[in-house]
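In what follows, a single structure is set out as structure tokens and then discussed.
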Amino acid sequence: MPVSFTTTTLPLILRTLPSSTMASSSLAIPSVSLKTLSFTSSDAFNKGIRGFALKNGNPSRVFMSLSVGSQTQAVVVDDTLFLDYKPTSAFLFPGQGAQAVGMGKEAHGVSAASELYKKANDILGYDLLELCTGGPKEKLDSTVISQPAIYVTSLAAVEVLRARDGGQQIIDSVDVTCGLSLGEYTALAFAGAFSFEDGLKLVKLRGEAMQEAADAAKSAMVSVIGLDSDKVQQLCDAANQEVDEADRVQIANYLCPGNYAVSGGVKGVEAVEAKAKSFKARMTVRLAVAGAFHTSFMEPAVSRLEAALAATEIRQPRIPVISNVDAQPHADPATIKKILACQVTSPVQWETTVKTLLTKGLKKSYELGPGKVIAGIFKRMDKKAEIENISA
């Protein structure tokens, strides 16, 4: 039977420790409730779990009885390995919307990059590189195609960089990584949290599950340009007063100052568009996505993601990977699984992520994959920010 521990507001953090190390510390996530933490037969050390409990009532530490062979010992499991990270060089990976017909052309000349597309073909069942380079655009733009396409093309860009003079030295210098929505999966793959193949399987299922959730209800997304986040929230509140609960909207993506994406029911999005000028917004731009991503409209996708994540081996990342959900790095595989599952229904905290990286002293960044959206955001937040685009 699965072993589970349920919290309400207790910020319990569990980390699967490498076999060679056992450490203890604690971290409380301020704004995210991880709810039920469950270990099933697919979890890395399930067969050895005998139970776990709070230590002296401290909600940020969990003691677990772990059986190793014939021996049983108490282990304090934590999530704080990367809490005090000091970034100098970052790899940044784009999300859905960055795709464009023609991406992947540089992969033809780099064998390691081409090999990724060949592996992808076996998993996806179609020629991904042909779709990336030749389209058609309508097919490439679909959620089920664009998500795997961006994931593979972004990791192919790493191989394109590796093949350049000095490329390996740049890769070795990277000490933090993150990605925008879908790009978080790419960042985790780069950081070694899961294999390229396992990551692609997750991304494939994520795209399919999000498309199915979008098909189940009429929803949409719109970018609001020229307002701060407080004003956009007021705009959402005003729109929500005019629509039924099923059509309500919320901020789904905190991109950067003056650019926030709002998601929700179609009527709610239309109300936002109608009221935007009265709130002094410069403009609104309806996004070409399947539905209201990063809201409760994606709830039907969560159970499928949870099942797939439970069956996937996720390891401690070798460098910090900043989560979209709380703008923090996490070391614990169990926590990473929980966060990835709730990511599709949670607002993307990209603005906070970028601010934190810059405040902590980030010196150089690289955007790997199609498009230049992330570079634009960095420059908007700090004109002096040094960022280079690497495409494939």
Side-chain angles (χ1 to χ4, degrees), residues 88-96 98-135 140 145-207 312-322 364-375 387-392:
T88 59
S89 179
F91 269 10
L92 312 167
F93 297 99
Q96 187 175 349
Q99 72 276 357
V101 174
M103 67 185 195
K105 287 182 178 179
E106 290 191 43
H108 284 295
V110 179
S111 59
S114 296
E115 187 61 29
L116 293 182
Y117 285 99
K118 291 177 183 177
K119 290 179 180 179
N121 294 347
D122 294 336
I123 293 169
L124 300 172
Y126 55 83
D127 191 329
L128 180 64
L129 186 55
E130 182 178 320
L131 267 175
C132 287
T133 57
L140 184 60
I145 300 292
S146 63
Q147 292 199 21
I150 293 166
Y151 171 85
V152 175
T153 301
S154 297
L155 290 172
V158 176
E159 298 307 322
V160 169
L161 174 61
R162 196 191 310 274
R164 296 180 185 176
D165 289 341
Q168 185 62 55
Q169 286 82 354
I170 292 173
I171 293 169
D172 292 341
S173 73
V174 172
D175 51 19
V176 66
T177 183
C178 53
L180 189 55
S181 189
L182 157 73
E184 186 170 341
Y185 286 77
T186 320
L188 285 163
F190 172 74
F194 43 66
S195 68
F196 167 81
E197 292 86 351
D198 284 348
L200 180 56
K201 291 172 185 176
L202 287 173
V203 167
K204 176 179 182 290
L205 179 138
R206 181 181 187 265
T312 302
E313 180 188 1
I314 294 186
R315 301 174 290 276
Q316 176 185 293
R318 58 183 175 79
I319 59 174
V321 179
I322 312 303
K364 180 68 184 283
S365 301
Y366 301 85
E367 180 177 8
L368 295 102
K372 297 182 180 181
V373 171
I374 293 175
I387 184 165
E388 181 179 344
N389 295 90
I390 309 292
S391 59

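Residue numbers count from 1 along this sequence. This is a predicted model, so every value here is computed, not measured.
For the ring pair (Phe, Tyr, Trp, His ring centres under 6.0 Å) condition, no pair includes a residue of residues 98-122, sequence neighbours left out. Evaluation of the ring pair (Phe, Tyr, Trp, His ring centres under 6.0 Å) test over residues 152-173, restricted to residues two or more places apart or in two chains, returns none.
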Evaluation steps, side chain to side chain contact (heavy atoms under 4.5 Å, CB included), between Leu131 and Val101: CA-CA 8 Å; Leu131 267 175; Val101 174; over 6 Å; no
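Defined by atom type and a distance below 3.5 Å, a donor-acceptor pair is missing between the side-chain atoms of Ser365 and Glu388.
Using a 30° and 60° split on the angle between ring planes, Phe91 and Tyr366 fall in the perpendicular class, above 60°.
Remark: Gln147 engages Gln96, Arg206 in a side chain to side chain donor-acceptor pair (under 3.5 Å) (not counting sequence neighbours).
Within the 4.5 Å cutoff, the side chain of Tyr151 has heavy atoms near those of the Leu155 side chain. Counting heavy atoms from C-beta outward, Leu180 and Phe93 have side chains that stay 4.5 Å or more apart. At a threshold of 4.5 Å between non-hydrogen side-chain atoms, the residues Pro94 and Ile150 count as touching.
The distance from the OG1 atom of Thr177 to the CG atom of Leu92 is 6.5 Å, given to the nearest 0.5 Å.
Annotation for Glu106 and Val160: closest pair OE1-CG1, 3.7 Å, computed over non-hydrogen atoms. Here the closest heavy-atom approach between residue Pro148 and residue Val203 is recorded as N-CG1, 3.6 Å.
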